[in-house]
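Contents: one structure, followed by commentary.
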Amino acid sequence: MSKVRKKAPPPIDIDMLTMALQAADLDTSWWLDTHSGDVIPAPEDNEDANERKLIREQEQNPERYIAIEPIDDSVHIELMESYVATLEQEELSDALYVALSKKQPSWHFKNTLARAPACEDNWYAFKEQFYALQARQWLRDRSLEYKEVQAEGKETAVPAATITTRPLLELSTRLRGAGRRYLVSRQDEELVLTVFTLEQEKAAQLLAEVTINEHQLQGI
């Protein structure tokens, strides 16, 4: 008697998941439908028949609909601090540190960074790389697949496997009294720079994780 193969879950769109993980400051929450691969708004209106039906389906089959918890806003603030630490323009970095010390730091950071368009573009690329890597790890933790969209527009499903080797580079620094530990490793054929806090009395915390190229590795 031949065994029935279990149907593989559909690939998940990494861009939609990345968006959902950044939704900490939005009212809308999100679910992942593991049967369709869709990221959908979580139902909230009990008066709507379709949303009531979806709520019942989730209660009956919780493994199908997975709530996507947004990454905490404090991580976003730490990410901004990590980006500022990479800047060579002392005047701009000082202004950004001041912005981050104020109430509503994200708003002040955005307005201050707008004075330097090139750095502003780099910041958004830095941020998107970080959240995309977090989205991939979120999927790996749940043994799910995700989509890679190639230049010609074809989608390729990537297995949810983590390939991690020992660090290619490891160093520690201290800037403005804050310790940082930097690790460069190869994951899924990509070079990944990971940044942690480095404090004597506290456990290390992940601040940032971004992909880099060989040329950037040589410059570290």
Side-chain angles (χ1 to χ4, degrees), residues 14-30 42 67-138 141 167 169-185 187 190-213 215-220:
I14 197 76
D15 291 335
M16 284 298 296
L17 179 57
T18 298
M19 177 274 297
L21 290 173
Q22 297 181 69
D25 58 345
L26 301 179
D27 292 334
T28 304
S29 55
W30 301 87
I68 302 171
E69 293 292 335
I71 294 175
D72 191 81
D73 191 55
S74 63
V75 174
H76 187 63
I77 301 300
E78 293 278 10
L79 184 64
M80 288 187 282
E81 292 177 347
S82 296
Y83 175 71
V84 176
T86 70
L87 297 177
E88 296 181 356
Q89 301 94 321
E90 185 174 349
E91 184 177 349
L92 176 61
S93 62
D94 287 344
L96 289 170
Y97 278 121
V98 171
L100 290 172
S101 68
K102 296 180 178 180
K103 292 183 178 179
Q104 297 183 324
S106 295
W107 185 86
H108 288 288
F109 177 88
K110 180 179 178 181
N111 282 356
T112 303
L113 194 58
R115 304 172 194 169
C119 291
E120 184 179 31
D121 290 342
N122 289 339
W123 154 247
Y124 284 113
F126 183 88
K127 178 171 74 80
E128 288 305 314
Q129 282 188 340
F130 169 78
Y131 281 105
L133 284 166
Q134 299 307 304
R136 291 186 180 98
Q137 189 59 53
W138 191 93
D141 290 343
L169 176 68
E170 181 175 356
L171 58 91
S172 300
T173 65
R174 186 163 293 277
L175 178 67
R176 298 176 181 275
R180 295 290 184 265
R181 182 181 177 215
Y182 298 85
L183 299 177
V184 177
S185 59
Q187 299 179 19
E190 292 181 329
L191 287 175
V192 177
L193 170 64
T194 310
V195 186
F196 297 91
T197 58
L198 185 61
E199 300 182 31
Q200 294 181 349
E201 298 179 357
K202 296 182 180 179
Q205 293 183 335
L206 176 66
L207 296 182
E209 190 176 46
V210 296
T211 56
I212 61 175
N213 55 42
H215 178 72
Q216 290 170 314
L217 174 60
Q218 294 174 6
I220 296 177

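Sequential numbering from 1 along the given sequence is applied to the chain's residues.
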Tell me the closest heavy-atom pair linking [X] and [Y], and the distance in Å.
X	Y	result
I77	S106	CD1-OG, 3.6 Å
A135	I14	CB-CD1, 3.7 Å
H76	Y131	ND1-OH, 3.2 Å
S101	V98	OG-O, 2.6 Å
T112	L92	O-CD1, 4.3 Å
Q89	C119	NE2-SG, 3.3 Å

From [X] atom [atom1] to [Y] atom [atom2], the distance as rounded to the nearest 0.5 Å:
X	Y	atom1	atom2	answer
W107	K102	CH2	NZ	8.5 Å
D72	E78	CG	CD	10.5 Å
L21	F130	CG	CZ	9.5 Å
R136	L133	CZ	CG	5.5 Å
M80	H108	CE	NE2	11.5 Å
F109	Y83	CZ	OH	7.0 Å

Q | Verdict with reasoning, S29 to I68, per side chain to side chain contact (heavy atoms under 4.5 Å, CB included) | A | CA-CA 7 Å; S29 55; I68 302 171; over 6 Å; no
Q: Evaluate side chain to side chain contact (heavy atoms under 4.5 Å, CB included) for K110 paired with Q104, printing each intermediate quantity in order.
A: CA-CA 10 Å; K110 180 179 178 181; Q104 297 183 324; over 6 Å; no
Q | M19 and D15: CA distance, side-chain angles, deciding distance, side chain to side chain contact (heavy atoms under 4.5 Å, CB included) verdict | A | CA-CA 6 Å; M19 177 274 297; D15 291 335; over 6 Å; no
**Q.** Residue pair L79 / W123, side-chain heavy-atom distance below 4.5 Å
**A.** yes
